[in-house]
Structure formats: structure tokens, C-alpha cells
Asker: 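For reference, the structure I am asking about is given below.
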4 protein chains.
Amino acid sequence: MPKQTFLNLAEEKRQRIIEVALEEFASHPYSKASLSNIVARAGIAKGSMYQYFHDKKDLYIYLLDLAAKEKLAYIQKGVDPYANFFTLLEQIILAGIRFNLENPRLGQVVANAMEYKGEEVLQEFFERGKEMSLQFFEGMLQQARDRGTIRKDLDSRLLAYVLLGILGSGLSEYLLDTMGISRREFLTNTALGEKFSEEDLGRVTSKVIHLLRNGMEAKE
Amino acid sequence: MPKQTFLNLAEEKRQRIIEVALEEFASHPYSKASLSNIVARAGIAKGSMYQYFHDKKDLYIYLLDLAAKEKLAYIQKGVDPYANFFTLLEQIILAGIRFNLENPRLGQVVANAMEYKGEEVLQEFFERGKEMSLQFFEGMLQQARDRGTIRKDLDSRLLAYVLLGILGSGLSEYLLDTMGISRREFLTNTALGEKFSEEDLGRVTSKVIHLLRNGMEAKE
Amino acid sequence: MPKQTFLNLAEEKRQRIIEVALEEFASHPYSKASLSNIVARAGIAKGSMYQYFHDKKDLYIYLLDLAAKEKLAYIQKGVDPYANFFTLLEQIILAGIRFNLENPRLGQVVANAMEYKGEEVLQEFFERGKEMSLQFFEGMLQQARDRGTIRKDLDSRLLAYVLLGILGSGLSEYLLDTMGISRREFLTNTALGEKFSEEDLGRVTSKVIHLLRNGMEAKE
Amino acid sequence: MPKQTFLNLAEEKRQRIIEVALEEFASHPYSKASLSNIVARAGIAKGSMYQYFHDKKDLYIYLLDLAAKEKLAYIQKGVDPYANFFTLLEQIILAGIRFNLENPRLGQVVANAMEYKGEEVLQEFFERGKEMSLQFFEGMLQQARDRGTIRKDLDSRLLAYVLLGILGSGLSEYLLDTMGISRREFLTNTALGEKFSEEDLGRVTSKVIHLLRNGMEAKE
DNA sequence: GATGAATGAGATTTCATTCAT
DNA sequence: AATGAATGAAATCTCATTCAT
């Protein structure tokens, strides 16, 4: 939890710090991310960082929380909760991808967290986050099953893992790949997200949904 | 590439070093993995490590390569290349999971590498590995499409991403989860893999294959 | 010397600051005592502290001076200056111990100062304080010698050192020890001093006086 | 406990490090003593210190232990354990003073430790040391009482505190004082100890013993 | 007079890598 | 070929003090 000091900061300065810190944490694993780097690029004194946050971990968790909340809000905004399951899933996937493209750093920080292994201090924290995501999907799947939208024999827990794997970051990467944009460029140059048209995103998403809905097998 | 010195080492010593190093890299992100730890536990001098490998990165890449090759060999051994697509895919998935459970450290090192972002020194290397995996799946999918096993309108590249996401490590994690085994225990205690019966693995795999083949939608 | 600002403060606020600061300096060596801690616990702004005192040293010396003065006043109050030497000494020892038990923090700050070595900035200050104490005892001893109360061949300066060593804090510690009270508890919980009865104190004091008067040797 | 590395060091280098470190710890309280200072003055790399000792505390405890052992050995060497109580005590006091004068830094480190208050990490360690000293004196006193050398009504525990207070460092300070040598000079300039003649030391010691034996009171 | 954000020097500690033996 | 001591850059973090509001 950041200290009050940070929250009192002028909007502009606070944003600058967040921006720079996100960039650092998006492009380095937690233990390699350097506070010295961040303060240097944000143009503040090293000690100031400790007026704002208790320690490195505090800063990281703040950013992660921020990113997760923003991504969640973004998705909720783009979704009709009363739509049927596949429409809802399509909207979620679409919003997820779009968020990642429009907010490369935020998206990357969340994605990194999902896959974080072996950073002992943070493990517990990550596991909680992962469990929450899993349960969200599991709930959705249960409901769809109850309503007869999806087959009764599907294992919701397993499916939740599968969906998480697919959404992880694979799809955004696919898009970057097909546009020939490297991850480094993407994280550095904020404006690249605009290169992707609504149609591109829609096409990819509907392909995925079609796969999930009907499977791969060619029927006669 | 390890130096000749390392290859000349007595089998037993070489194995010990590999074993210890794998344990370290499986349970810590690259930048947190400590050479000091490794040499201490392997009972060799720190300088010796530099007689064997050029630097930390060299050692890591060697292990990664080793792990990838072993996993690949394991999968190839368990697979009938002339089987039809879905059978083949099922065998691949099954072998992949089984390998991860039987070789926790090797499996983990490969899995970590797949998801590693932001470690500049290694990025290029990882991208090459990922590209290889993608192309492998892409080739398989193309062939299946040509043979009419899967629908013509599927985008093989995108599907390759999806398959990679699913196989990543999600399924092994699902299994560990349902057995209530923490990742830490799993990496430390080598014998845990035996807890999983062939039936368990078969059931999970066939569920996934069924999903990929037929999709989720309930057909009347 | 505190600034006028501090002296203008509302009595209550001033007392609170003093209390908190004493607690900090009693339980940490000078260099580890933290102004940040003090202001946080006193509920004032850090800048305010610098309106009241020139710097950390200034604050410390103020407290030390205060503690010394209070202890001295307490002792003077409990002493009959016209009593004969051993009675006087007994009263001094008794009052000294009692003060320490009734005012743990003040007593501790004074005791710390007596033993403080190696804090360059403060050395000169401490030496002055020590010299004053020594001269006080030296004077007393000279007078007693002149009056024939104590032996003529005693070296008053040396004896002053010896008395200082004994009074330092050894006796209070002996009492705490025999009651099984740790120094930490003692400094935190203000009320512990009441655990000691007048008789306990009297017994200890008279033992010490008896020793100083007659020595240890068994006479037939 | 220092690492093996330190013990393997060339005698000369090891001594230099010890010497410099002692100087630092003798003239600064633990938390102010600076490793950076030590390595700079010892002419070694900062990292090397951590090849020798686990951390600052480890180094300090090593020095303290060293100092205590040397002082103890020195005293034991100068003492006839079969002498009667007062002779023995005289020899102990004399050896203690002489040690402090001949080894200013060692003596100071031990003396500081005796009085250390509030350095939480080390508190337990110090208390153990103090308790050992107390018990040593207590044992001596008990024995003397049993043998009828000292009065039966003396409280050995209390007397142990008193003796510790007297020996603390008071007597060496008295001597430095009478020679007009400041503590700073004394710690810096190793050669000063030679200024004190055997007679000076003997005279002081015998005065103290006389006091302890016969008390201060003038008997008609 | 009060505030509390800003500062930056300096502290301890880690670790990959080098190199003399 | 093996050793392991030496290195030093870089990391995180603390804290007395300053100063603009």
C-alpha cells in the first residue's frame, strides 16, 4: 500500500512515476527491475521513492493492483453481462486483447504476474490472483452448463485452466507477431497499439470463439 | 555452449552439476538463480564453473537446450507419427504432461523459458525456441488441414499459439492443483510424480482432446 | 539549546514531545535513535522538530540536561546536606536508585550518557558531565577526610571514580535482575518501578554502605 | 563465526584487518561503525569482507570474542589461582588494567560491550557475556566466604555487580586522566600504554584493594 | 509557526566474473 | 584442470536535514 505521501502528489508527477515504474516492471522480471533506474528516469531522488512506498515490493504490488483493476474495469465496460455465454466470452477476449494493445505496459505487468514462478516473496500474492481468475471462469462455465449452453460433461475447473492459458498473452502476441512488431518496440513505443484495426481484433477473436464453440474437427 | 572441459568431466560429476543447476534454475527466475548456490551445492569451486561454461548465460542455455531436447525426445518416443491428427495430438499432450510430472525440474525449466519476458540478454534466444515450437504445431495443423482432418477455415498460425498456450504448463498445474501439491514441494521432492496414475493423465488428456475436437457447445 | 519556539509550546505538547523523545533515547543508542520515530509517535511534523531544536544533537543534549537536572534535584531533595558522610552517601545512593526506578527513561538516559564511548560529536559534552560528577564526589570525600570521618590515606580522586562506577547503573540493574525484570520491559512499562518496596531498596543500599564503610574482610 | 576464507588469510593481512576493524569498533558504537571505513582503511575490496564474515554482526562478534578471550588469557596468565582471595583479586585488577593499557582497542571493545544498551540485535549476546562475568565473581566470592576470608553477611551477587562496576573501565580511565591523556589519543596512538610504570599501576591497584578489604571508615 | 515532501549521502549486502597459484 | 580469494559495480534502504508553501 503506497503511503499517503504518494497519493498527495501532483497528478502529473504521480503519473510520471507510475509510467516509468510500469515500463521498468514490464520489461524486467521483478528482481531485475531497478529502483535506481526508475528514480533516475522519473527525475526524483532515491529517498523520495521511500516516502511514497514502503519498499520495492510495495511499489510492485501497487502497480500490479492498478494494472489488474484497470484491466478488469476495461473488460467490464466492454461486456454485456446478460449476453449468452459465447457472446460474453467473445467480448471478454476482445476487450482483453484490446486492453493489452492500448496499454502495453499495464497488460504486460499483468501477464508477467500470471506466469510468475519462483519469486518467493511474491508467490503467495500471485497464487491468490491466479485463483481469483480461475474461479471467475469456473463460475461462468458452471452457469453456462446449468443453462445448457455448453455440454454437461465439461470439467469446469480444467476448462478454466485452458481458458486462462489461451487468454494469458498468447493472442496479443499473435497479433504483434503478424504485424512484425517486437515486444521491445511494443513496450517502449506507446503509440503502436493504434496500428491494429477493430476488424483485425474482431477477426482473431471470432476465430478463437469459433474454435471453442465448435472444435477443430471437420464434420462431413 | 559448454567448454570441452565440461564434456571431459567424469559422468557422475557432470550429472551432479547438471542436477543441482537444474534445481536452481527451476526454482528461481534466471536473474535470481545464483551461481554461488549451485557451486556450493554441487561441491565444486566457483572457478571451475568458468572452466566448464563461459558464463551464467552459457550454463543456462545449455540446461535449457538439454531440457528441451529431452522433452522432445520423450515426446517423440511416445508418439506414433503416422497416427491421425487428433490421436497424435493426444499422444503429444499426454507425453508432455507425463514428462513434466516425471521430470519436474526439466519440465519447469522449459516452462519458465516459454513465458520469460523482459530478460533482455535471453530474449532473442527464447524467441527462437518459441518460433520453433510454433512452426512445429503449424506444420502439423497444415497437414491435418490438407488431409481434411480439421476444418479448412482454421488459421494454423493462430491455432499454434492457442495450442502452445494450452500446453504451456497449465495442464500440469491443473493436475498438481487437484492433488493439492504445491509447486515448491513438487520441485524439491522428485518422487511426487509417481502419485499420478496413468488413468488420471489419460482422463485429463482426453477431456482436452475432446474439447479441441468438438468444442464446448451443446448440440441438441 | 532548544529554540524559543519550543519553550513557547503549550505545556501539554511540550511534555508529549519530551516523553516520546526520552523513550526513544532511553531505548536506543544515540546514533540509532530515530527522529522519524519520535515525530511519528509524538504526532508532529518532522519540520517542526527543527523549529524546536537545531538538530538531533541539540535535542539529545536538551533531554540529557533535563534528565540530569531532575535526577540531581530528586537526590538533593532526599538528602540532608548536614548529615555525616556515610549517612549522606547512603541517602544519595538510595535516592539515585529510587529515581531510576521511578523514572526509568530519565534514569536510563543519564546512565547511557555516563557510559557512552566513541560518539565523537558528543564526547566533549559527556566528559564535562562526568567531570562534574567526579568533582562532586571528590569534594564530598575531601570534606569527610578533613573531618576525620574517613581515612586520611584515601585518594579522593580515585575513590570518586570508584563511587561513580558503583552508582553508574549497577545497583538498579541488580534490583531489576533479582526481580526478573528485563530492561526492555522496564523501559516500556512505566509502572514497574512500584514493584520495589522501600525495604528492598533500603536493604541493598545499606549493604553497599556497609561495604564501603567497613570493607569486605572478615575480622576475627 | 568468520568463514574459513578469513582463517586461511596470510597472517599479516588478517592482522591488518583485525587491527583496523578493532579501531573502528573501539571508537564507534556498533551501529555507527562503518564497514566501508574498515575496508577502505584495510585496503581491501568491500566484497572481500563478505568472503571473510557473514555480515557486520558476524565481524563484530568475532572481534568481541577475540578481545574477551585475549583479555581473559592475559588475566589468567598474571594470576596465581591458589593465592588467597584479596591477593587474587589484586592480581586480577592489576592484570585487567594493564591489559587495557597495553591493548587499548581490545580493552575498549570489551568495555563497550559490557555497557551496551539498546542495540537490539546484540542484546542477548551481551547479556550472556555479562552474566558470565557476574558468575565468575560470584563464585570467587562464595569461595572466599566459605573459607572465612570475607565476611559471611556479604551478598555475593550484589558484590559481583559492585566489582564489575569498579573494574568496568573506571580504573583505566582514572589512570589516563591523571596522565592527561584523552581517550581519542589513547585509541589512536598504540604506544601510549608504555607511559605507565609498574609502580603507578601497583599503587592504584593496592589502593583499591585496601578499600575493598578495609572500607573507608577511619577507625580510631 | 507549522508542515511534510524532497533530498542525497552513505549504509550493508550480493554476485557474476577474474586470475594467480 | 582445479581452486577459491579478490573484485567492484550495483542493489535496496535509512535518515538527518532543508525548504517551499
Side-chain angles (χ1 to χ4, degrees), chain A residues 3-10 13 31-39 43-59, chain B residues 3-6 8-10 13 31-40 43-60, chain C residues 3-6 8-9 13 31-40 43-60, chain D residues 3-6 8-10 13 31-39 43-59:
Chain A
K3 302 186 185 171
Q4 188 58 42
T5 328
F6 183 66
L7 307 173
N8 294 343
L9 240 42
K13 187 170 187 179
S31 43
K32 253 299 186 80
S34 154
L35 283 191
S36 303
N37 252 356
I38 294 173
V39 296
I44 61 174
K46 214 174 281 186
S48 297
M49 209 70 205
Y50 287 85
Q51 300 268 26
Y52 306 150
F53 297 92
H54 291 89
D55 53 19
K56 184 183 179 180
K57 187 178 158 190
D58 190 30
L59 165 61
Chain B
K3 301 185 184 173
Q4 186 59 40
T5 339
F6 182 64
N8 294 343
L9 241 41
K13 188 170 184 180
S31 41
K32 261 247 178 146
S34 151
L35 279 195
S36 305
N37 250 355
I38 294 173
V39 296
I44 61 173
K46 215 185 270 185
S48 298
M49 212 71 203
Y50 284 83
Q51 304 271 20
Y52 307 150
F53 298 92
H54 291 88
D55 54 18
K56 186 183 179 182
K57 184 180 157 191
D58 189 30
L59 165 62
Y60 178 59
Chain C
K3 302 184 183 173
Q4 186 59 41
T5 339
F6 182 65
N8 293 344
L9 240 42
K13 187 171 186 180
S31 41
K32 262 245 176 147
S34 151
L35 280 195
S36 304
N37 250 355
I38 295 173
V39 295
I44 60 173
K46 214 184 272 185
S48 298
M49 211 71 204
Y50 285 83
Q51 305 269 21
Y52 306 149
F53 298 92
H54 291 88
D55 52 20
K56 185 182 179 182
K57 185 180 158 191
D58 189 29
L59 164 61
Y60 178 58
Chain D
K3 302 185 184 172
Q4 187 60 41
T5 328
F6 183 65
N8 293 344
L9 240 43
K13 187 170 187 179
S31 42
K32 255 288 185 89
S34 153
L35 283 191
S36 302
N37 252 356
I38 294 174
V39 296
I44 61 174
K46 217 175 275 188
S48 297
M49 210 69 205
Y50 287 84
Q51 300 268 25
Y52 306 149
F53 298 92
H54 291 88
D55 53 19
K56 185 183 179 179
K57 186 178 160 191
D58 189 31
L59 165 61

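Every chain is numbered from 1, with letters handed out A, B, ... down the list of sequences.
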Asker: Of the nucleotides E/dT13, E/dC15, E/dA2, which has the atom closest to the C/Ser48 side chain?
Answerer: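 Selected nucleotide: E/dA2.
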Asker: Tell me the partner of F/dA11, counting only Watson-Crick (N1-N3 plus N6-O4 or O6-N4) or G-U wobble (N1-O2 and O6-N3) with both under 3.5 Å; none if nothing fits.
Answerer: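 Because both required distances fall under 3.5 Å, F/dA11 counts as paired with E/dT12.
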Asker: Rounding to an integer number of Å, can you tell me how far B/Met49 CE sits from E/dC15 C1'?
Answerer: 14 Å
Asker: In terms of side-chain heavy atoms of B/Tyr52, which of E/dA6, F/dA2, E/dT14 is nearest?
Answerer: F/dA2
Asker: Rounded to whole Å, how long is the line connecting atom CZ of A/Phe6 with atom C1' of E/dG4?
Answerer: 17 Å
Asker: Quick one: which of E/dA2, E/dA5, F/dA6 gets closest to the side chain of C/Thr5?
Answerer: E/dA2
Asker: Using atom NE2 of A/His54 as one end and atom P of F/dT14 as the other, report the distance to the nearest whole Å.
Answerer: 10 Å
Asker: B/Leu35 CG to E/dT17 P: how many Å, rounded?
Answerer: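 Distance, rounded to whole Å: 7 Å.
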Asker: Expressed as a whole number of angstroms, how long is the span from A/Tyr50:OH to E/dA11:P?
Answerer: 17 Å
Asker: At less than 4.0 Å, is any side-chain N or O atom of D/Ser36 found next to OP1 or OP2 of E/dG10? Yes or no.
Answerer: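 No.
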Asker: Given that both distances must come in under 3.5 Å, which nucleotide forms a Watson-Crick or G-U wobble pair with E/dT21?
Answerer: F/dA2
Asker: For the pair made of NZ in C/Lys32 and C1' in F/dC15, what is the distance, rounded to whole Å?
Answerer: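 Spelled out: NZ on C/Lys32 to C1' on F/dC15 is 13 Å.
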Asker: I want to confirm an ordering. Mapping D/Ala33 and A/Ile44 to their closest nucleotides on DNA chain E, which one lands closer to the 5' end?
Answerer: A/Ile44
Asker: Let's see if you can work this out: which of F/dA16, F/dT12, E/dA16 has an atom nearest to the side-chain heavy atoms of B/Ser34?
Answerer: E/dA16
Asker: Looking at the side chain of C/Ala45, which of E/dT3, E/dT14, E/dT7 is the nearest nucleotide?
Answerer: E/dT3
Asker: For D/Ala10, which contact category applies under a 4.0 Å heavy-atom criterion: base, sugar-phosphate, or nothing?
Answerer: nothing
Asker: Give the rounded distance in Å between these two atoms: NZ of B/Lys56 and C1' of E/dT14.
Answerer: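 So the two atoms are 11 Å apart, to the nearest Å.
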Asker: Using a distance-only criterion (donor-acceptor N/O pair, under 3.5 Å, no hydrogens), is the base of F/dA1 paired with the side chain of B/Gln51?
Answerer: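 Side chain to base: no pair below 3.5 Å.
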